[in-house]
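We use all heavy atoms of the structure for the numbers below, so side chains are in, but hydrogens, waters and symmetry mates are not.
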Amino acid sequence: MRATLAPVRAALLALSVLAGFTALPAMGQTLHGITFGEPIPAGLPQPDDTQTQAPFTRSIWTQLNDMMVTVIADSETGGVLFMEMRPAAPGPVATQIDGLVFGETTLAELHARFGSEGVVFANVGRGGVFDDILVHFATYEIDNSDTVLSLATTEPLQTATQDSAAQAVLDSVIVADSAYLTQVWGLNRGRLPGYSPIADPFDG
């Protein structure tokens with residue numbers, strides 16, 4: 001699974017090289033020792049891989065507090081704009097959001113928890129097929145901030161049916177600056193029925 005989604009992250013980074021990008025201040029959540037809007041702390045272990053494609057730098061840790069962590073930052077300022085977290089080892093693993101568990105929490109439970117199916121970015125949509133995996137996104141703006149939470153759930157393509165998406169399980173958590181996502185995931189967003197921004201799920 002981790003290998004199948006790697007091309008998706010590479011494609012999103014390639015989309016990042018766009019003119020006129022200006023990041024707005026994110027909320028400043030600190031996740032796994034990394035604070036949004038600030039440079040990666042010098043005290044963290046060195047990333048296992050670092051790639052720069054101006055104006056952004058992507059850093060990847062295969063093991064950071066039991067997580068595989070991908071961070072995209074502004075190459076000039078070092079400010080973190082995007083962070084993806086997924087378990088470094090298989091099996092149900094708690095996230096930093098109370099009650100959400102990798103490999104266990106379902107898409108239906110995410111929709112119920114956050115009150116709607118979220119928002120849709122034009123270049124990403126609500127999901128897609130990557131090799132033999134079907135991915136579904138539940139994406140929400142965090143209220144009173146410039147931060148977006150996107151939750152990727154997966155199910156095997158071979159057993160997927162029209163009704164099985166609700167039982168897709170949480171695979172990764174993405175937190176990102178809204179202006180950055182608008183640039184790389186598409187300018188036009190559609191809010192699905194019943195949608196409203198969510199309270200900061202990392203607050204307590």
Note, Met85 side chain near Leu64 side chain (heavy atom, < 4.5 Å): no

Euclidean distance, Leu181 CG relative to Asp146 CG, rounded to 0.5 Å: 11.5 Å

Euclidean distance, Thr70 OG1 relative to Arg58 CZ, rounded to 0.5 Å: 6.5 Å

Test item: Phe202 and Thr147 side chains (from C-beta on) under 4.5 Å apart, heavy atoms: no

Nearest heavy atoms of Ala165 and Glu155, plus distance in Å: CA-OE2, 3.5 Å

Interatomic distance, Ile198 atom CD1 to Glu141 atom CD [nearest 0.5 angstrom]: 9.5 Å

Heavy-atom closest pair, residues Val184 and Asn123: O-ND2, 3.8 Å

Parallel, tilted or perpendicular: rings of Phe82 and Trp185 (30°, 60°): perpendicular

Worked verdict on Phe121 versus Thr182 for side chain to side chain contact (heavy atoms under 4.5 Å, CB included): CA-CA 7 Å; Phe121 287 81; Thr182 297; 4.3 Å; yes

Test item: Thr153 and Val169 side chains (from C-beta on) under 4.5 Å apart, heavy atoms: no

From Thr106 atom OG1 to His111 atom NE2, the distance as rounded to the nearest 0.5 Å: 9.0 Å

Given Thr139, Val124, Val119, the one that forms side-chain contact (heavy atoms from CB on, under 4.5 Å) with Ser150: Thr139

Same apolar cluster: Leu149 and Leu110, side chain cutoff 4.5 Å: yes

Student check: side-chain heavy atoms of Phe36 and Asp177 closer than 4.5 Å: no

Phe56 and Tyr180 aromatic ring geometry - parallel, tilted or perpendicular at 30°/60° bounds: perpendicular

Heavy-atom donor-acceptor pair, Asp48 side chain to Thr62 backbone, under 3.5 Å: yes

Evaluation steps, side chain to side chain contact (heavy atoms under 4.5 Å, CB included), between Val173 and Gln96: CA-CA 9 Å; Val173 173; Gln96 284 191 258; over 6 Å; no

Smallest separation among heavy atoms of Asp74 and Leu81, with atom names: N-CD1, 4.0 Å

Shortest non-hydrogen contact between Ser59 and Ile40, atoms and distance: OG-CD1, 4.0 Å

4.5 Å side-chain heavy-atom contact, Arg113 and Tyr140: no

Leu44 CG to Asn65 CG distance, which is reported to the nearest 0.5 Å: 8.0 Å

Atom of Val101, atom of Leu170 and distance for their closest heavy-atom approach: O-CB, 3.8 Å

Closest heavy-atom pair and its distance - Val135, Ala152: CG1-CB, 4.2 Å

pair Val93-Asp66: side-chain heavy atoms closer than 4.5 Å: no

Side-chain heavy-atom pair Pro201, Ile142 within 4.5 angstrom cut-off: yes

CE on Met83 to OG1 on Thr35, rounded to 0.5 Å: 9.0 Å

Check: Leu192 and Ser116 side chains under 4.5 Å, non-hydrogen atoms: no

